[in-house]
Amino acid sequence: MPGLTKLPPFPEDVPTHPLLVIDYQLIKQGNPEEIDRLWEAATKLGFCLKNHGVDAEVDEMFEMGAETIGLPFEEKMKFVPNNENVSFGYKAKGANAVDERGTLDSTEFLNISKDDALAWPSKVHMEYPSTVNTRMESTIKPFVQKSVDINDTFIDVFNDRLGFPKGTFAKKHPMWEPSCSEARCIRTPPGPNGLDDKKTALGAHTDFGSLSFLHNRLGGLQVMPPGSTGWYYVKPIPGHAICNIGDALTIFSGGILRSNMHRVVTPPKDQANHERWSLVFFTRPANHMVLRALKEESPMVAEAVASNPDKFETGQTAQEWFNRRVKYQRVKNRTADGTF
Ligand SMILES: O=C(O)CCC(=O)C(=O)O
Ligand SMILES: [Fe+2]
């Protein structure tokens, strides 16, 4: 179990990139200074979140992830989606490429749809392993519900800051319409036999969707800050989540909100000898929402795209956008245009 192993601390002498720490309770209370800091972070690099109130659910999600990813390989392979564009279910290591040369990834994913978790015991998209089903009510539903509430709170704050009419962003993320929103547990094997010093476990990417709420115990996550060409570790802080803006919010806001480039590599120093677990909740727009800059709804967005009005006209729905990005991560599609 990931929670029961004593992990070495993140080393002091490794260069890191600090993220602004945002207090969720202050954001909920509408504290103007905290909202200013949140805005600063969301238009630059992402942020860390404290006082989010999801610690118990996160611990239980890690247990559920370990129970499920610990199942026999043949059992897990029954839950690989038939359609390569879909991410719900199990992804074995080596199914995705981490770079344009097609180097195989070393991570296993378990992806659980928000729609399936909230509708349980009804099925919306797919069936899950027994270890998921037995935890759906007690662990997964509460984690998903709380994660959705947190991301929705931020989405409302960004909506108002961008000068959209009240609820414009919320309408892109309706609670009960099908979406690609999902919870993801990730296992990466330890270093010596799995990863060498420079190995990338999860290739450089921006997140596909609106907001990601990420929980890490070990280092390994790296960001490329704007204007830089180098990668820096992000130090995990106990009880703090890492929040990233995804590319859908970048598009809706005409580039004002920034989705940052990140990747996962071998954890630093002694941490490399341990299995790495992480957990993410991704909020994504409802499937049928068209991804484009909402310039008619906000003078600020109109001004941001004035010099290049077509830049964010993707011509794709959120589902088409997501399916394309999932497809081009797959190893066998790595030579197709637009892979990375
Ligand atoms: O494992 C991590 O720290 C990050 C995972 C991630 O970036 C992703 O799943 O999109
Ligand atoms: Fe990511």
Side-chain angles (χ1 to χ4, degrees), residues 2 7 10 14 16-17 19 42 45-49 58 61-62 65-66 69 86-93 95-99 105-114 143 147 151 180-191 194-195 199-225 231-250 257-268 271-272 274-284 321-322 325-330 340:
L7 298 170
F10 190 92
V14 169
T16 58
H17 193 83
L19 294 181
L45 191 68
F47 53 95
C48 268
L49 191 65
V58 167
M61 284 295 287
F62 276 122
I69 292 181
V86 169
S87 80
F88 301 144
Y90 174 68
K91 182 202 76 69
K93 64 179 171 192
N96 286 351
V98 298
D99 57 31
D105 72 343
S106 55
T107 56
E108 287 175 84
F109 289 175
L110 168 68
N111 291 321
I112 303 171
S113 147
K114 170 198 123 182
F143 171 74
S147 305
N151 282 354
C180 297
S181 298
E182 63 189 352
R184 168 177 297 168
C185 274
I186 307 174
R187 175 191 177 272
T188 311
L195 299 175
K199 182 113 184 226
T200 307
L202 188 61
H205 65 282
T206 54
D207 283 343
F208 323 160
S210 296
L211 269 174
S212 314
F213 179 49
L214 166 67
H215 309 269
N216 274 326
R217 301 291 194 245
L218 288 178
L221 176 70
Q222 292 189 321
V223 289
M224 186 183 281
W231 291 102
Y232 297 86
Y233 280 112
V234 174
K235 179 180 173 176
I237 312 176
H240 289 50
I242 294 166
C243 297
N244 285 325
I245 307 284
D247 45 19
L249 287 195
T250 299
L257 294 168
R258 282 191 54 106
S259 54
N260 80 50
M261 188 63 94
H262 57 281
R263 67 178 189 178
V264 179
V265 299
T266 313
Q271 291 200 335
H274 292 262
E275 203 170 53
R276 180 179 188 274
W277 290 87
S278 58
L279 170 69
V280 200
F281 183 79
F282 297 97
T283 294
R284 299 183 170 122
W321 177 269
F322 180 69
R325 292 210 57 191
V326 170
K327 177 175 172 184
Y328 288 132
Q329 280 190 319
R330 304 292 187 208
F340 287 95

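Keep in mind that what you see is a predicted model, and the values were worked out from it rather than measured. Just follow the structure's listing: the first ligand is 1, and inside any ligand the first atom is 1.
- Of all atoms in ligand 1, numbered sequentially from 1 with element shown, those under 4.0 Å from a heavy atom of Phe282 are 8 (C), 9 (O), 10 (O).
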side-chain hydrogen bond (donor to acceptor under 3.5 Å, both in side chains) between Ser87 and Arg325, worked out
CA-CA 10 Å; Ser87 80; Arg325 292 210 57 191; over 6 Å; no
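- Each of Ser212, Ser181, Ser210, Cys180 was checked for a side chain to side chain contact (heavy atoms under 4.5 Å, CB included) with Phe282, and the lone residue meeting it is Ser212.
- Rounded to the nearest 10 degrees, the angle NE2 (His262) to the Fe ion (ligand 2) to NE2 (His205) equals 90°.
- Here Leu214 has side-chain heavy atoms under 4.0 Å from ligand 1, and that is the only part of it that gets that close.
- Ligand 1 lies nowhere less than 4.0 angstrom from a heavy atom belonging to Phe109.
- Between Phe213 and Phe143, the angle of the ring planes stays under 30°, which puts this pair in the parallel group of the 30/60° scheme.
- Residue contact check: Arg184 has heavy atoms under 4.0 Å from atoms 8 (C), 9 (O), 10 (O) of ligand 1.
- With a 4.5 Å cut-off on side-chain heavy atoms, Trp277 and Arg217 do not count as touching.
- Atom numbering of ligand 1 starts at 1 in the shown order; those under 4.0 Å from a heavy atom of Leu202 are 5 (C), 6 (C), 7 (O), 8 (C), 9 (O).
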Under the side chain to side chain contact (heavy atoms under 4.5 Å, CB included) rule, what do Phe109 and Val280 come out as? Steps first, then yes or no, please.
CA-CA 11 Å; Phe109 289 175; Val280 200; over 6 Å; no
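- Counting heavy atoms from C-beta on, the side chains of Gln222 and His262 never come closer than 4.5 Å.
- Restricting Asp207 to its N/O/S atoms, the shortest distance to the Fe ion (ligand 2) is reached by OD1.
- Side-chain contact between Thr250 and Thr206 is absent, with no heavy atoms from C-beta onward closer than 4.5 Å.
- Atom 4 (C) of ligand 1 has Val264 CG2, 3.6 Å as its closest protein atom, hydrogens excluded (heavy atom only).
- Side-chain contact between Asp99 and Thr200 is absent, with no heavy atoms from C-beta onward closer than 4.5 Å.
- Ligand 1 lies within reach of His205, whose nearest heavy atom is under 4.0 Å from it.
- Against a heavy-atom cut-off of under 4.0 Å, His262 is close to the following atoms of ligand 1: 7 (O).
- In this structure, the side chains of Arg276 and Ile186 stay at 4.5 Å or more apart for every pair of heavy atoms.
- Atoms of ligand 1 found under 4.0 Å from any heavy atom of Ile186 (numbered from 1 in listed order, with element): 1 (O), 5 (C), 9 (O).
- Annotation for ligand 1: atoms under 4.0 Å from non-hydrogen atoms of Arg276 are 1 (O), 2 (C), 3 (O).
- In terms of protein heavy-atom proximity, atom 1 (O) of ligand 1 is nearest to Ser278 OG, 2.6 Å.
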